[in-house]
Amino acid sequence: MISMIFPINDENPVLNSEIVTKDQLGGGGGSLEERCSSITFEDILPYTHAHFDIVVNDDWDSAEVKARAWINGTSVDLLREKLDSYLEELYPSGGDGWISTDEKSAVEAVASECIEYAMTRIGLRESTPHRGGVGLDWKNATWQDNGVIIQEWNLVPSNHADIRDCTAIGSSSDCVEVPVFPNSERDCNTLIDTSQGIDECRLELWMNATMEIPNIDDGSEFTLAFNASNMTNAVLDFTFPNNPDLRLDMWEECEGRDVEFEPSTHDDAPLRGTCIGDESSSYIFENTEEEGTKFILIPHRSRDLWPSGEDIFVDFTTAPIPINNPPSWSENAPTDGTWFASLESGQIIWADWNSVSSWFNDEKPISQLQINCSSDSSSNIYQLSDRSFSGTITFGQDTQVTCEAVDDLGQSSGIRTWNLGIPISLTSSSEILLQPHPVSIQFNENWPELTLQYAFTQSQNINSANVESLTISSDETLLIGSNEMIPGLVDLWIGINGNGLYPSEKIFSLGIIKESSPPIISVIEYGWEMDIWQAQGQFSDPDGEDVQFSLSIDGLSAGSISVSGNSWSTPMINFGLWDEGEHEVKVIGCDISSKCNETIIMVNNSHLFESQIIEPITPDDDSESGLLPGFGMFLTVLSLTIGLIYSTRRD
């Protein structure tokens with residue numbers, strides 16, 4: 001059963017700030033479901049301020065949601081324009097720059113249906129508190145089909161300065177319309193004097209909806225997740241089924257994840273209690289006989305931070321409040337005496353918060369512990385604003401660092417002492433990549449034996465098949481394979497581990513360059529057919545680069561080379577058109593690194609110009625041949641004529 005909220009004719013809410021909008025109703029093509037399923041209520045109806053009442057039903061299967069929102073200033077102009085543009089697909093009058101009373105019902109219907117497909121931003125899961133993982137989308141609450149009703153006030157202001165009768169064919173007799181953009185004085189209500197400073201063009205919206213909640217039985221232990229990406233000036237008032245024992249166990253803001261984020265690895269899920277929020281959101285929790293069990297969430301991310309993401313996680317439980325024990329070191333924490341290897345000198349981060357937050361256990365969020373690390377003054381050990389630890393590190397000057405965690409009662413985890421320094425220094429004697437390539441390792445003799453893993457790379461991704469390893473305790477020279485590198489800069493990835501060592505890795509830029517090798521060109525065959533000459537062959541590029549060919553004869557361009565796979569061929573060349581003699585045919589192949597190779601074929605076309613003289617036929621004695629007198633003279637003349645024809649030189 002859906003209860004209704006009827007509009008209240010409140011004409012003067014004090015809300016004037018502008019907002020940033022996305023494409024309402026999804027934008028682009030496709031069905032309404034496709035256009036709305038990846039956006040939120042705020043994208044569809046970008047409000048200036050909103051209040052949501054979310055009452056979870058006693059069976060925990062659903063919640064009744066009532067919302068009221070205000071859209072002010074020029075933002076409402078943009079919304080009216082978007083609605084008018086969308087109505088172009090539904091109404092003959094749509095897209096004409098005006099919004100009419102006939103179109104109001106369509107606007108409400110389209111907005112209601114779009115919100116049914118939109119993301120709720122809300123997740124509720126009953127279990128031991130956690131922050132998700134692969135394939136777990138926290139936004140599991142959905143809007144019920146046909147369970148969303150949108151109503152509005154002032155979409156078509158009845159006293160608008162530019163109101164007129166509808167002009168579209170088929171409009172109802174009482175239809176009126178107003179322009180989507182008001183005049184320069186923003187006079188949307190002629191009965192109100194502009195001196196009163198009232199936003200006459202503002203729009204108010206009401207929503208009644210049913211939100212479905214999966215897989216919660218009794219609500220004795222559950223987590224509420226809410227994504228507050230690009231959301232401000234909103235209040236969400238949750239009322240849970242009455243349970244006097246329910247308490248808020250942990251609250252945290254986790255920055256950076258957009259509302260559309262889907263985790264693809266376990267590392268994408270934050271560790272419970274380790275998030276460091278920006279305090280842009282706040283909350284109130286009440287559980288009293290008079291008010292029942294209420295949780296009020298107030299997300300307010302500054303528009304200066306948009307676009308940006310934020311997940312809010314709130315753990316509720318009926319379990320007794322645990323004893324506040326001292327914080328303890330976790331199994332992930334470095335043991336006492338561990339060596340921390342830095343692979344660069346200067347002021348560096350030697351422990352980031354992702355690592356530090358995994359070193360301790362406590363009943364309260366780890367982010368609320370005070371973690372203290374110190375050393376002698378020369379190392380300048382201190383904690384950054386993101387809770388990572390920094391220090392000044394120099395090769396050959398190791399330092400000891402002591403660390404502990406302290407809770408709000410001053411209870412300590414106990415102190416552990418670690419060694420911090422640079423175990424190795426790298427140099428390359430050659431800037432040109434060799435195979436294999438030598439890299440000299442200078443070993444810090446104060447350090448214990450360690451295992452190096454190493455491989456050349458030309459990206460941030462390391463091919464594990466290329467990784468080599470070596471255990472060292474003194475200076476060494478690494479001979480590193482470089483077969484798969486392509487022309488360009490080549491970096492060296494180094495990983496360090498060993499007994500008593502905290503693992504470390506780094507990609508070094510040593511200024512090494514892989515030079516391009518020219519393509520290899522070979523001639524398979526060439527020859528003549530009449531006076532036409534042609535050659536063909538094969539080619540390859542050692543670096544796998546594309547090869548472009550050119551052809552010249554005696555230094556002059558002579559057409560193009562045909563390429564098929566790894567084969568090349570010249571065009572058919574009519575050497576009868578060239579002067580008699582020897583000619584240089586040059587085939588040149590260049591790769592994309594401008595490294596070139598060539599093959600030269602010397603072609604002699606003299607045989608095309610040789611004379612072919614036909615000897616005259618000597619007749620037999622007339623008396624013996626039986627030929628007529630004078631016929632021998634005729635044959636002689638004929639032979640000379642034929643010989644003259646065939647001895648003529650070609651042009």
Taking [X] for its side chain and [Y] for its backbone only, find out whether a donor-acceptor pair lies under 3.5 Å.
X: R247; Y: A319; answer: yes
X: E200; Y: N189; answer: yes
X: T120; Y: A141; answer: yes
X: D84; Y: G97; answer: yes
X: S37; Y: E33; answer: yes

| said: As a quick check of understanding, evaluate side chain to side chain contact (heavy atoms under 4.5 Å, CB included) for V356 and I371, giving each step before the final call. | reply: CA-CA 9 Å; V356 173; I371 300 173; 3.6 Å; yes

| task | Take T457 and D491 through the side chain to side chain donor-acceptor pair (under 3.5 Å) test and state the conclusion after the steps. | result | CA-CA 5 Å; T457 181; D491 296 328; over 6 Å; no

Identify every side-chain donor-acceptor pair in residues 50-58 under 3.5 Å, counting partners at least two apart or on other chains, and give the distances.
unit_1	atom_1	unit_2	atom_2	d
N57	ND2	S62	O	3.4
N57	ND2	S62	OG	2.7
N57	ND2	E64	OE2	3.4

I need the [X] [atom1] to [Y] [atom2] distance, nearest 0.5 Å.
X: I149; Y: K66; atom1: CD1; atom2: NZ; answer: 12.0 Å
X: C201; Y: D187; atom1: SG; atom2: CG; answer: 8.0 Å
X: Q368; Y: D362; atom1: CD; atom2: CG; answer: 9.0 Å
X: L205; Y: L155; atom1: CG; atom2: CG; answer: 8.5 Å
X: T210; Y: D61; atom1: OG1; atom2: CG; answer: 12.0 Å
X: T74; Y: R80; atom1: OG1; atom2: CZ; answer: 11.5 Å

Any carboxylate oxygen within less than 4.0 angstrom of a Lys/Arg side-chain nitrogen, looking at [X] and [Y]?
X: D407; Y: K364; result: no
X: E152; Y: K104; result: yes
X: D315; Y: R125; result: no
X: R121; Y: E42; result: yes

With a 4.5 Å cut-off on side-chain heavy atoms, are [Y] and [X] touching?
X: N227; Y: M119; result: no
X: E253; Y: D278; result: yes
X: Y117; Y: E113; result: yes
X: Q460; Y: W493; result: no
X: I115; Y: C36; result: no
X: T223; Y: R131; result: yes
X: Y382; Y: Q347; result: yes
X: F295; Y: L248; result: yes

Indicate whether the side chain of [X] and that of [Y] have a donor and an acceptor atom separated by less than 3.5 Å.
X: N324; Y: D408; value: yes
X: S593; Y: E545; value: yes
X: T40; Y: D43; value: yes
X: D102; Y: S172; value: yes
X: D96; Y: S93; value: no
X: S229; Y: E310; value: no
X: D249; Y: T317; value: no
X: Q383; Y: S388; value: no
X: D546; Y: Q548; value: no
X: T190; Y: N159; value: no
X: H300; Y: N233; value: yes

| So S504 and W350, side chain to side chain contact (heavy atoms under 4.5 Å, CB included) or not? Walk me through it. | CA-CA 9 Å; S504 179; W350 57 273; over 6 Å; no

Measure across [X] and [Y] and return the closest heavy-atom pair with its distance rounded to 0.1 Å.
X: I150; Y: E108; value: O-CB, 3.5 Å
X: I163; Y: S158; value: CD1-O, 3.6 Å
X: E103; Y: I99; value: OE1-CA, 3.4 Å
X: T239; Y: K294; value: OG1-NZ, 3.1 Å
X: C275; Y: E252; value: N-OE1, 3.2 Å
X: I71; Y: L79; value: CD1-CD2, 3.2 Å

| field | Ring center gap for W251 and Y283 short of 6.0 angstrom | value |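 Yes, the ring centres sit under 6.0 Å apart.
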
| Using the benzene-type ring in the case of Trp, are the ring centres of F226 and W138 under 6.0 Å apart? |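 Ring-ring flag for F226/W138: false, centres at least 6.0 Å apart.
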
| Which of parallel (below 30°), tilted (30 to 60°) and perpendicular (above 60°) describes F316 and F240? |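 If you compare the ring of F316 with that of F240, the planes turn out perpendicular.
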
| task | Take Q370 and N372, measure what side chain to side chain donor-acceptor pair (under 3.5 Å) needs, and give me the verdict at the end. | result | CA-CA 6 Å; Q370 180 179 343; N372 302 319; 3.2 Å; yes

| message | Tell me if the CG atom of L191 is crowded by more than 12 foreign heavy atoms within 6.0 Å. | response |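 More than 12 within 6.0 Å, yes.
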
| task | Determine whether more than 12 heavy atoms belonging to other residues, nucleotides or ligands lie under 6.0 Å from atom CD1 of I169. | result |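 No, not enclosed.
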
| request: Kindly indicate, with the supporting measurements, whether the criterion side chain to side chain donor-acceptor pair (under 3.5 Å) is fulfilled by S355 and D352. | output: CA-CA 6 Å; S355 298; D352 60 33; 3.1 Å; yes

| task | Take N154 and E204 through the side chain to side chain contact (heavy atoms under 4.5 Å, CB included) test and state the conclusion after the steps. | result | CA-CA 7 Å; N154 211 36; E204 295 184 31; over 6 Å; no

| query | Which pairs count as salt bridge (Lys or Arg N to Asp or Glu O under 4.0 Å) when at least one residue sits in residues 154-165, sequence neighbours excluded? | reply |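 Matches after skipping sequence neighbours: R164-E177.
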
Could you pull out all donor-acceptor pairs under 3.5 Å where a side-chain atom in residues 211-222 meets a protein atom, sequence neighbours excluded?
unit_1	atom_1	unit_2	atom_2	d
D218	OD1	S220	N	3.1
D218	OD1	S220	OG	3.1

